[in-house]
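To keep things clear, I will list the structure first and then write my remarks on it.
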Amino acid sequence: MADAEEPEKKRRRLEDLTEKMAVDSGHMDSGCDWDGRWNHVKKFLERPGPFTHPDFEPSTESLQFLLETCKILVIGAGGLGCELLKNLALSGFRLIHVVDMDTIDVSNLNRQFLFRPKDVGRPKADVAADFINSRISGCKVVPHFKKIQDFDDSFYRQFHIIVCGLDSIIARRWINGMLISLLSYEDGVLDPSSIIPLIDGGTEGFKGNARVILPGMTACIDCTLELYPPQINFPMCTIATMPRLPEHCVEYARILQWSKERPFGDTSLDGDNPEHIQWVFEKSQERAAEFNITGVTYRLTQGVVKRIIPAVASTNAVIAAACATEVFKIATSAYIPLNNYMVFNDVDGLYTYTFEAERKENCTACSQIPQDLQFPPSAKLQEVLEYLTETASLQMKSPAITTTLEGKNKTLYLQSVKSIEERTRPNLCKTLKELGLSDGQEIAVADVTTPQTVLFKINFTA
Amino acid sequence: MAATKGSKEQKYDRQLRLWGDHGQEALENAHVCLINATATGTEILKNLVLPGIGAFTIVDGHTVAGEDVGNNFFLSSNSIGKNRAQAATELLQELNSDVSGNFVEESPDKLLDNDPEFFHRFTIVIGVQLPESTCLRLGSVLWSASVPYLVCKTYGLIGYMRLVVQEHTVIESHPDNALEDLRLDQPFDEFKNHINSYDLTSMEKKDHSHTPWIIIVAKYLDRWLNEHDGQPPKNYKEKESFRQMIREGILKNLNGVPEDEENFDEAIKNVNTALNPTKIPSAVEDLFSSEQCNNITAQSPSFWVMLRGVKEFVHSEGSGNLPVRGTIPDMIADSQKFINLQNIYREKALQDAAAVTKHVENLLQSVGKPAESISERDIKLFCKNAAFLRVVCCRSLAEEYHVDSVNKDEITSCMDSPDSEMVFYLMLRAVDRFHQLHSRYPGVYNYQVEEDISKLKLCVNSLLQEYNLNVNIKDDYIHEFCRYGAAEPHTVSAFLGGSAAQEAIKIISHQFVPFNNTFIYNAMSQTSATYQL
């Protein structure tokens with residue numbers, strides 16, 4: 001059957017069907033829509049109901065808004081991203097951008113259903129966009145094979161809603177910080193038109209969560225940082241001198257033997273290179289044999305080296321569906337959105353728990369209050385660095401600390417540029433007093449977890 | 001293109017880490033039947049095809065309409081006018097070449113009329129958007145044939161699932177928070193001897209600081225029992241005392257300052273759980289008292305034969321306890337001490353499993369079956385999971401729907417909160433009635449919405465009356481269900497698609513525990529509930 005009917009035929013059918021049309025169908029837009037295409041969606045846009053959002057007004061224009069105006073950004077084109085793109089496209093959204101810095105791996109194919117074996121090696125964003133655009137006519141997904149950090153505020157500002165399917169807390173905190181930086185306040189009052197809602201989804205095995213964040217209004221990613229416990233690494237002395245588990249043997253090979261024995265020259269260990277994994281596997285087996293430890297397998301080795309998190313299609317389907325439902329609610333005011341956090345677990349039956357995560361009064365990301373730090377003047381800069389990385393509410397990765405001394409900007413410590421790291425390393429052993437800091441001094445801290453520097457005020461204790 | 005074992009290992013790596021090679025094998029031997037390739041149906045199937053089920057068959061007599069393509073990823077505008085089973089099979093098949101896709105261009109009613117045994121061949125049948133009469137007819141056929149049946153429906157912003165399986169046994173339930181099986185309160189002989197081989201008082205610091213906390217707690221427990229007439233610490237005060245006793249055992253340096261002994265810190269931290277008495281979980285005791293366990297025949301599934309073997313072990317070699325699990329958590333210790341301790345538990349577990357095996361072999365022989373019918377490997381796995389065994393038995397649809405056996409109590413007590421998810425269950429039943437009466441669903445066309453409200457209300461009332469349910473359903477819900485107009489929005493279908501697929505995988509693999517038996521999802525509030533109806 002032809003995709004588009006001849007105009008005369010189409011007009012006649014329309015007249016025949018007017019009586020029976022499920023909903024008003026005055027317009028046939030873009031020439032790629034067919035009779036009844038949006039019937040399932042229209043019932044929620046064109047009919048009044050007892051549970052709709054107070055702002056909701058039934059109208060035939062809401063669908064046009066979705067099809068022609070509403071711009072959505074999907075971050076991630078992996079397990080959640082593929083599902084999100086499908087869900088949004090089949091809910092009427094057409095102006096969608098997708099960002100993903102990865103290429104397709106064969107282990108993605110069990111759930112990232114927009115990819116096929118022939119696509120392995122190609123950028124996820126490109127392949128995902130192609131597939132959606134060709135399967136769902138009229139949909140215009142624009143791919144970006146980039147990191148989220150490659151874009152600045154002018155990029156993010158163009159979107160009505162942003163939805164994330166990320167696999168990294170650092171990235172989540174970054175986009176969270178970016179949207180907070182877009183907020184504008186007038187006389188201390190938040191301008192609602194500067195808020196871009198952020199829908200965030202995450203999954204691990206059979207567990208997942210979906211949350212709605214209205215930056216500046218509801219709990220943000222950093223407000224609930226304690227919900228993400230820091231990743232546990234095995235202690236070095238266990239790995240080096242007293243292994244007990246097969247995992248300890250793998251870490252020994254990965255961390256200690258690889259750099260010592262340099263089996264492939266100067267190359268760093270690449271978890272995606274089967275030869276590298278094979279080498280680590282064999283070394284792990286040797287170590288395990290030495291200590292009478294059983295259980296080292298190739299699969300376990302790869303899991304430890306790559307920090308693999310198990311994943312299935314079903315959990316991603318559930319969480320992405322919940323997220324997309326929220327995008328729809330917010331874009332159309334059809335219903336009151338989730339307020340604001342849902343967890344899901346289907347290990348034993350199906351379990352969901354929905355609650356309102358609370359804002360943290362002194363959240364480093366969204367509270368606008370400069371953070372107070374207490375240190376004695378005799379404390380070394382190293383202690384400040386450890387505080388920034390180890391405190392559960394901050395969990396910075398490699399903070400760069402600068403301050404203003406005698407009117408001039410001074411870098412106290414920075415790790416990411418080798419020459420500066422070497423030059424500023426001696427500062428770590430100096431006391432705050434020796435470095436010239438005074439009571440109440442402000443330091444500015446930059447880190448991968450936030451797009452903007454965070455200001456801290458150092459208060460001297462006795 | 002035939003996939004090599006290596007390439008399948010790679011492709012399925014992320015899920016193999018959840019259900020193992022044997023779980024994957026079960027999936028690859030499964031043949032799933034889907035009835036009705038609506039958005040909900042194809043989303044469910046997608047989440048089964050991707051992980052590699054062996055085969056699927058779609059049964060659907062409908063022709064693809066414009067609105068079908070609008071919410072369904074596996075139909076395109078080219079499909080309009082084609083049979084829906086055929087159209088969807090093409091695009092689902094394309095997802096995974098390891099899977100074999102089939103279709104039957106027939107309504108399930110016709111098949112039930114002419115060839116009900118058609119359904120006997122499937123590992124599981126998933127019925128989507130079925131009218132009540134078809135749903136119940138199919139339920140009856142599948143119940144008699146003992147074929148698992150999963151009913152799914154997306155209605156507006158409500159998702160519904162009903163699992164119908166007579167007896168589903170789970171050996172590997174993979175519980176999230178399992179208690180360890182350490183036997184500190186009832187140390188077996190080999191464990192006792194091992195504890196006695198340690199003398200904490202004569203150890204050098206290095207050994208002292210790297211002794212496993214299990215040994216430390218065992219040693220101090222010994223002392224406590226001697227000092228307290230054989231009674232272990234029972235209340236908070238005594239446990240605190242016990243912790244203090246251990247704390248005092250930490251080595252001190254020349255200045256009398258306690259050294260840094262992390263293993264002792266671990267011992268103190270673990271006192272609470274370490275002192276949990278070794279006990280057979282009540283769920284397992286219930287299984288021991290069941291008819292299937294106590295009446296082993298040649299037809300008994302191996303689950304029950306093995307369970308009976310474990311029961312007999314409990315009453316003999318086990319001295320009232322299940323076979324030792326054989327695993328211990330990681331703890332601060334030097335390699336040798338840890339491995340030696342771990343081996344004590346491992347060897348005991350092997351011993352216990354061998355004893356269970358003897359009982360199982362005797363049982364098999366007593367019903368005229370060869371001893372090898374149940375493998376040693378399976379018995380070992382069973383013993384390792386003895387504390388986590390689960391059996392799920394769902395009532396039939398006939399029982400749920402019959403006036404004499406309807407679960408009135410559950411329905412009325414949930415409806416004490418008039419906005420509980422139970423109201424959606426009742427509305428779906430009312431809507432089914434409406435369909436039976438009027439051969440259509442309420443509010444499908446705009447002009448019907450208003451007038452159908454009163455018609456639907458009549459159906460609600462007749463439903464409540466027939467089942468003698470003294471509950472009140474707010475008018476708002478009746479209005480909302482007319483507003484839905486039997487819409488099947490994609491995102492709600494997708495949520496159910498993920499949920500249902502994983503339940504089907506649980507049934508097929510016998511790993512993880514399926515729900516029992518009714519699941520309701522409310523996309524308006526992002527909440528859900530499970531009821532046993």
Side-chain angles (χ1 to χ4, degrees), chain A residues 1 3 20 22-23 34-41 43-44 47 49-51 83 86-87 90-91 106-107 109-111 113 135 137 205-206 210 242-245 291-293 299 303 308 310-318 320-322 324-325 328 335 338 342 346-350 352 354, chain B residues 10-15 17-18 43 46-47 50-51 65-67 69-71 73 76-78 80-81 95 174 176 210 330 333-335 338-339 444-446 449 476 479-480 483-485 487-492 494-495 497-499 501-502 512-515 519 523-528 530:
Chain A
M1 179 159 185
D3 273 352
K20 297 196 197 146
V23 288
W34 50 87
D35 280 358
R37 182 178 189 181
W38 301 112
N39 279 0
H40 295 282
V41 174
K43 285 168 192 177
F44 298 97
R47 299 174 171 194
F51 298 114
E83 294 278 342
K86 160 184 69 77
N87 295 343
L90 290 173
S91 301
V106 67
S107 67
L109 302 178
N110 79 327
R111 63 203 184 280
F113 64 95
R135 179 66 61 89
S137 65
F206 296 119
M242 53 187 84
R244 298 175 296 267
L245 303 178
F291 289 87
N292 291 314
I293 296 170
R299 188 178 291 164
I308 290 177
V312 280
S314 57
T315 322
N316 283 308
V318 167
T325 296
F328 183 83
Y335 289 89
L338 166 66
M342 180 189 85
D346 63 356
V347 167
D348 185 343
L350 302 111
T352 65
T354 310
Chain B
Q10 284 186 297
K11 178 162 80 164
Y12 297 136
D13 178 82
R14 299 300 186 267
Q15 68 202 38
R17 291 167 191 278
L18 291 167
E43 285 299 304
K46 153 179 139 288
N47 298 322
L50 286 170
E67 70 175 27
V69 182
N71 71 350
F73 192 75
S76 67
S77 54
N78 288 334
I80 297 177
L95 283 173
H174 304 289
D176 264 339
H210 292 97
D330 190 29
D334 65 54
S335 311
F338 180 83
I339 300 296
V444 172
Y445 298 109
N446 279 350
V449 180
D476 278 348
H479 179 180
E480 183 75 352
R483 177 186 190 237
Y484 287 159
E488 196 182 351
H490 183 82
T491 60
V492 185
F495 189 103
S499 305
Q502 186 52 30
F512 307 96
V513 183
F515 74 110
F519 175 77
M524 295 186 282
S525 59
Q526 300 287 15
T527 55
S528 72
T530 300

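The sequence lines fix the lettering, A, B, ..., with proteins before strands; numbering per chain opens at 1.
Ion pairing between A/Glu83 and B/Lys46 holds under the 4.0 Å rule for side-chain N and carboxylate O. Salt bridge annotation for B/Glu43-A/Lys86: present, with a cationic side-chain nitrogen under 4.0 angstrom from a carboxylate oxygen.
Residue contact with chain B, scored on non-hydrogen atoms closer than 4.5 Å, involves the backbone and the side chain of A/Leu350 alike. Both the backbone and the side chain of B/Phe495 have a heavy atom closer than 4.5 Å to some heavy atom of chain A. With a 4.5 angstrom heavy-atom cutoff, A/Phe328 does not touch chain B via any of its atoms. Residue B/Asn71 touches chain A through both its backbone and its side chain, counting heavy-atom pairs closer than 4.5 Å. Contacts between A/Val41 and chain B at a heavy-atom distance below 4.5 Å are absent for every atom of the residue. In this structure, the portion of A/Ser91 lying under 4.5 Å from any heavy atom of chain B is its side chain and not its backbone. Both the backbone and the side chain of B/Ala333 come within contact range of chain A, judged by heavy atoms closer than 4.5 Å. Heavy atoms closer than 4.5 Å to chain B are found in the side chain of A/Leu245, but not in its backbone. Within the 4.5 angstrom heavy-atom criterion, atoms from both the backbone and the side chain of B/Leu95 approach chain A. Only the side chain of B/Thr530 comes within less than 4.5 Å of a heavy atom of chain A; its backbone N, CA, C and O stay farther away.
In terms of heavy-atom pairs under 4.5 Å with chain B, the best-connected choice from A/Thr315, A/Val347, A/Ile293, A/Asn292 is A/Val347. Top candidate by heavy-atom pairs under 4.5 Å with chain B, chosen from A/Asn316, A/Leu90, A/Asp346, is A/Leu90. With respect to chain A, the highest number of heavy-atom pairs below 4.5 Å among B/Arg483, B/His490, B/Gln502 belongs to B/Arg483. Of all the listed residues (B/Glu488, B/His210, B/Gln526, B/Gln15), the one sharing the greatest number of non-hydrogen pairs under 4.5 Å with chain A is B/Gln526.
Shortest non-hydrogen contact noted between A/Ala311 and A/Arg111 is CB-NE, 3.4 Å. Annotation for B/Tyr445 and A/Arg47: closest pair C-NH2, 3.5 Å, computed over non-hydrogen atoms. Nearest heavy-atom pair across B/Gly498 and A/Ala317 is CA-CB, 3.9 Å. The heavy-atom pair separating A/Ala324 from B/Thr491 by the smallest distance is CB-CG2, 3.6 Å. Contact detail for B/Val69 and B/Ile80: the closest heavy-atom pair is CG2-CG1, 3.7 Å.
Ring geometry for A/Phe113 versus B/Phe73: interplanar angle over 60°, hence perpendicular rather than tilted (30 to 60°).
Checked against a 6.0 Å centroid threshold, the rings of A/Phe51 and A/Tyr335 do not count as neighbours.
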